[in-house]
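Since the structure comes first, as structure tokens, the remarks are kept for the end.
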Amino acid sequence: MVLGKKQKIGRSIEDIKVGEKLTLTERIEDKDILLYLGLTNDSNPLYIQHDYASQTPFKKPIVPSIMITGIMTAAISKYLPGPGSHVAEHTVAFPRKIHHYSTIEFLFEVTEVDVSSKTVTIEVEAFNEQKEKVVTARFLVYPPFRLPSVETHDFENF
């Protein structure tokens, strides 16, 4: 948290239109997987042990599906609609496994804007280097709320 520095808030529901798109490309490196596994205390050998994974139908270690979901929710929080937004629901399918060192291209699209419920629906597809679909997802998101402007003199005692 940075005191005294106002963070830019993402776009409110009035500023978002159906059909808006975002493309994001991520390369999944060992360091990313190790950080995730360390934070979650997940020691699944399918994610990190090449000798174990080589004996499974996957043949090599795979990327945890929840880590991929985290990449998508981070993109929603950072870009579309941006800082201040909140994911209320999501459904995600992984038709193909994602292996270490994969480069994944995510395509986000706003498919619905519901002003009455103050939510937007964002659909996501992701593809590996071979153009195979590896993810389909749908997110129901509360975009950032517009807050009244706060003048600095209102907080003179702080």
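Residue numbers start at 1 and run along the sequence shown. Hydrogens, waters and symmetry mates are skipped; everything else that's a heavy atom, side chains included, is used.
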Could you tell me which residues satisfy side chain to side chain donor-acceptor pair (under 3.5 Å) with Glu105, sequence neighbours excluded, listed by chain and number? none
Excluding sequence neighbours, so at least two apart, what forms side chain to side chain donor-acceptor pair (under 3.5 Å) with Glu123?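 With sequence neighbours excluded, Glu123 shows a side chain to side chain donor-acceptor pair (under 3.5 Å) to Arg138, given in chain and number order.
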If hydrophobic clusters are built from ILVMFWY residues whose side chains come within less than 4.5 Å, do [X] and [Y] share one?
X      : Y      : result
Phe139 : Val115 : yes
Ile68  : Leu37  : yes
Phe58  : Tyr101 : no

Each residue besides Phe145 in its hydrophobic cluster should be listed here, by chain and number; the cluster joins Ile, Leu, Val, Met, Phe, Trp and Tyr at side-chain heavy-atom distances under 4.5 Å.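 Tyr142, all in the cluster of Phe145.
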Fellow cluster residues of Leu107, listed by chain then number, with links counted only when side-chain atoms sit under 4.5 Å apart: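 ILVMFWY cluster around Leu107 also holds Phe127.
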Side-chain donor-acceptor pairs of residues 69-82 under 3.5 Å, sequence neighbours excluded:
residue, atom, partner, partner atom, Å
Thr69, OG1, Ser65, O, 3.2
Thr73, OG1, Thr69, O, 3.4
Thr73, OG1, Gly70, O, 3.1
Ser77, OG, Thr73, O, 3.2

Any side-chain heavy-atom pair from Tyr36 and Asp32 closer than 4.5 angstrom? no
Quick one, Ile122 and Thr111 - any side-chain contact, counting heavy atoms below 4.5 Å?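 Side-chain contact under 4.5 Å: no.
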For [X], check side chain to side chain contact (heavy atoms under 4.5 Å, CB included) against everything at least two apart and list the hits.
X      : result
Ser54  : none
Tyr52  : Pro45, Leu46, Gln49, Thr56
Asp114 : Glu112, Ser116, Ser117, Thr119
Leu35  : none

Which donor-acceptor pairs under 3.5 Å do side chains of residues 88-100 form with protein atoms, sequence neighbours excluded?
residue, atom, partner, partner atom, Å
His99, ND1, Pro61, O, 3.2
His100, ND1, Asp30, OD1, 3.0
His100, NE2, Tyr47, O, 2.8

Taking only distance into account, with no hydrogens and no angle test, what donor-acceptor pairs under 3.5 Å do side-chain atoms of residues 9-17 form with protein atoms, sequence neighbours excluded?
residue, atom, partner, partner atom, Å
Arg11, NH1, Asp15, O, 2.9
Arg11, NH1, Glu20, OE1, 3.1
Arg11, NH1, Glu20, OE2, 3.3
Arg11, NH2, Glu20, OE1, 2.4
Ser12, OG, Glu14, OE1, 2.9
Ser12, OG, Asp15, OD2, 3.3
Ser12, OG, Arg146, NE, 3.4
Ser12, OG, Arg146, NH2, 3.3
Asp15, OD1, Arg146, NH2, 3.1
Asp15, OD2, Arg146, NH2, 2.9
Lys17, NZ, Glu14, O, 3.3

Salt bridge (charged side-chain N to carboxylate O under 4.0 Å, His left out) involving Lys133 - partner list, sequence neighbours excluded: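 Counting only residues at least two positions away or on another chain, Lys133 forms a salt bridge (charged side-chain N to carboxylate O under 4.0 Å, His left out) with Glu125.
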